[in-house]
Each structure stands twice: as structure tokens, then as C-alpha cells.
2 protein chains.
Amino acid sequence: MTTPAAPRQPRSGCPISIALELLGDAWSLLIVRDLMFKGRRTYNDFLAGGEGIASNVLASRLRKLEGANIIEKRSDPRDARRYIYRLSPKGIDLAPVLVDLVIWSARHVQTDAPPAVVRSMREDRERFLADVRRRWRTSA
Amino acid sequence: MTTPAAPRQPRSGCPISIALELLGDAWSLLIVRDLMFKGRRTYNDFLAGGEGIASNVLASRLRKLEGANIIEKRSDPRDARRYIYRLSPKGIDLAPVLVDLVIWSARHVQTDAPPAVVRSMREDRERFLADVRRRWRTSA
DNA sequence: CCGGATCCGTTTCGATACTG
DNA sequence: CAGTATCGAAACGGATCCGG
């Protein structure tokens, strides 16, 4: 007799567990990175500039991130058929995580990250984060 | 006509992209967390204490993490049938990422993280990280 | 018991074609 | 431009089995 498909039990209240429920996949944090560091903000930006995400998967991740209030979507005032995605306050607060991920990668796997940027992240972390946040705030 | 299955193209050299190739799934960072913070270190520890990972998936993740030199495996000197997993230097260097994830979760989603611990992570981050590393080093 | 491997139904992914 | 629709391939989750 076959089991009637139990739909993945909910996770514990452990903070990391909950965070990974939102971000624990191959693409979500890449979209956040695109928004935070690469100046990408439209569907086609992500599609072309990401590392080859499929369009259906992209749409699904954007929905999920928006549903979790990590990103916000609104239509471009200058072009009605275009939407602009933007990090929410909750989304920009992921900056420390991404910065640490860059530092870790630079140390342990070879990357194409400019050493000067990585050094600035590591040696002047608070200032780097403040800059990220300021750029985000002023680009409203 | 059907496409003959192109096997997932490699990713760019962007550090976050590369990191997520190793860690961008629902379980890998949970195993790292178990090792770093929860004192779990055997297969059955993860199986029972994790949030319900299936045994085949767990075995697959452990292989992947070991292959990436993030964890190390050796047999328990006191019980020949048991293996002990441990974070490598590369693995313990993920501590900042996990700490930031905890801080982010505590701020933006409700968790069961003890507020005192979170405050210590946030307000005395360097010291907290040094403690994590020291505990890891001395528990060799 | 411990650390997996195997089998199998279900779900998700990836690639591409198509649409408003 | 911003997504759906479709479909085969791969991964997952659960249960069970197995060598030491």
C-alpha cells in the first residue's frame, strides 16, 4: 500500500532552519545578490545576468521572495509594461550574510572577486555594510 | 524533437554563485549548524536531530560536504562501528555566515533563539566568533 | 545498534516553446 | 517584457533492507 503523500513536515523554530526554508535553494540568494550588488532589477536582468536560471524557476522564486517580504515589486513609472524589483528592508538586512559568504569564498575557493573589494569587506566591514545600505536607501 | 539532456552548465566565478553551488540547498547548512552549535557529530545525530532529513539525502550531503572539505569523517576510536564527523578549518570559517543568519532571522521572523544569545552575537560579534572557534579547536 | 544503500511514488527542476 | 505551459530528467521523502 502506498503512502498518501505527506506534504513535508514543518520545520523547527531554530532560526537557521527557518531562514533556510526561505533561502535554502540554489537561486534565491543569487537574486538577492543581483539586487544588492549588481544593479539588476527587472525580470530580464535576472534572466540574462543570473547564471542561467530558467524562466519558470525565476518566476517562482520571485513570487516566493515577494511573499516573504524580502523583495518588492512595482511597475516602472516610465514604462508601463516593465516591473522593477527592489529589496525590502528585510531584504537589505541580508547584506551581512552575503558579505560573509563572499569573504568565505574568497578565502576557500578561487573566485573572480576583486581582491580590493574583498579586503574592504573584511577589514572595514561595518563601513562597507553602511555603504551598501546607504546606496540602497538613496536609490529609492 | 527532444533535447538530449544537457547536464546543467557550470556557474560563473562570482563568489556567491560558487558558494551556493556547495551550500545552496535545504540541508547542507543545517548539517554545518548541527556540527557548529548543537554538538551533533554522528550520522544518527543528524538523522534524529535535524529536521527530518531522509537517510539517503543525508548520506548524499555528507559526501558532498566531505568532498568539498567542509567536514571531515573519521571512525570513533572508542566504538569501531561509529563515525565522527567534524568541521574542517574551511567549515568552521562558515561561522560568520551562520551567525548573521541567526541575527537576521531573529530580527525578521519569529524564532526560538534565546534572545540573550542573539544579543551576544550582535553586540559582541567578534568575541562570540572567537569563542566558537576556540571551542572547536579545543574539542579536537 | 550504526551507517548507510535501494526501491519507488511524488515533487521540483531545467530547457524551451509559447502568450498577453 | 514578463511571465505560462509543457514535458522529460533529476532530486526528494519515506520506507525498508543490509553489511559489519
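Nothing here was measured: the structure is a model prediction, and the numbers come from that model.
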**Study point:** Full working for side-chain contact (heavy atoms from CB on, under 4.5 Å) between A:Phe128 and A:Arg122
**Key:** CA-CA 9 Å; A:Phe128 187 95; A:Arg122 211 180 43 233; over 6 Å; no
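Going from atom CG of B:Leu47 over to atom P of D:dT16 covers 15 Å, rounded to whole Å. In this structure, A:Asp25 atom CG and C:dC13 atom C1' are separated by 11 Å, rounded to whole Å. Atoms CZ (B:Arg11) and P (C:dC13) sit 12 Å apart, rounded to a whole Å. In this structure, B:Ile53 atom CD1 and D:dG13 atom P are separated by 8 Å, rounded to whole Å. B:Glu51 has its CD atom 12 Å from the P atom of D:dG13, to the nearest Å. Regarding A:Ile84, its CD1 atom lies at a distance of 13 Å from the P atom of D:dC1, rounded to whole Å. What separates CD of B:Glu21 from P of D:dA11 is a distance of 13 Å, to the nearest Å. Distance A:Leu58 CG to C:dT16 P: 16 Å, rounded to the nearest Å.
Within the 3.5 Å criterion, the main-chain N or O of A:Ile84 finds no donor-acceptor partner in the side chain of A:Tyr43. Although no hydrogens or angles enter the test, the distance criterion places no donor-acceptor pair under 3.5 Å between the side chain of A:Ser28 and the main chain of A:Asp25. Although no hydrogens or angles enter the test, the distance criterion places no donor-acceptor pair under 3.5 Å between the side chain of B:Ser120 and the main chain of B:Ala116.
Considering only side-chain atoms of B:Tyr83, the nucleotide from C:dG4, C:dC7, C:dC2 that sits closest is C:dG4. You'll find that the side chain of A:Val57 is closest to C:dG14, out of D:dT4, C:dG14, C:dC7. Taking only side-chain atoms of B:Ala59, from C-beta outward, the nucleotide of C:dG4, D:dC1, C:dA17 with the closest atom is C:dG4. With C:dG14, D:dC1, C:dG4 as the candidates, the nucleotide lying closest to the side chain of A:Arg82 is D:dC1.
In terms of phosphate contacts, B:Arg63 brings no side-chain nitrogen or oxygen within less than 4.0 Å of OP1 or OP2 of C:dG3. Not one side-chain nitrogen or oxygen of A:Tyr85 sits closer than 4.0 Å to the OP1 or OP2 atom of D:dC1. The phosphate of D:dG3 (OP1 or OP2) has no side-chain N or O of A:Arg61 nearer than 4.0 angstrom. In this model, the phosphate group of C:dG14 is approached by a side-chain N or O of A:Trp27 to a distance below 4.0 Å at OP1 or OP2.
In the region residues 32-43 of chain B, proximity to DNA chain D at under 4.0 angstrom, judged on heavy atoms, holds for none of the residues. Within residues 65-81 of chain B, the residues having any heavy atom under 4.0 Å from DNA chain C are, by residue number, B:Lys73, B:Arg81.
Contact check on B:Asp131 versus B:Arg134 returns a salt bridge, with a Lys/Arg side-chain nitrogen under 4.0 Å from an Asp/Glu carboxylate oxygen. With respect to the salt-bridge test (charged N to carboxylate O, under 4.0 angstrom), the residues A:Asp45 and A:Arg40 do not qualify. Look at B:Glu126 and B:Arg133 and you find no salt bridge, because none of the NZ, NE, NH1 or NH2 atoms lies under 4.0 Å from a carboxylate O.
Between A:Asn56 and B:Ser60, the one whose closest nucleotide on DNA chain C sits nearer the 5' end is B:Ser60.
Just one residue in the list A:Leu94, A:Asp93, A:Ile92, A:Ile31 forms a side chain to side chain contact (heavy atoms under 4.5 Å, CB included) with A:Leu87, and that residue is A:Ile92. If you run side chain to side chain contact (heavy atoms under 4.5 Å, CB included) between B:Pro15 and each of A:Asp112, A:Leu101, A:Leu98, only A:Asp112 comes through.
When the local axes at the two ends of the helix from C:dC1-D:dG20 to C:dG20-D:dC1 are compared, using 5 base pairs at each end, they differ in direction by 30° after rounding to 10°.
A cation-pi contact, defined as under 6.0 Å to the ring centre and within 45° of the axis, links B:Lys73 to B:Tyr83. For the pair A:Arg11 and B:Trp27, the cation sits on the ring face: its NZ or CZ lies under 6.0 Å from the ring centre, inside 45° of the axis.
Between the side chains of A:Ser88 and A:Glu72, no donor-acceptor pair of N or O atoms lies under 3.5 Å.
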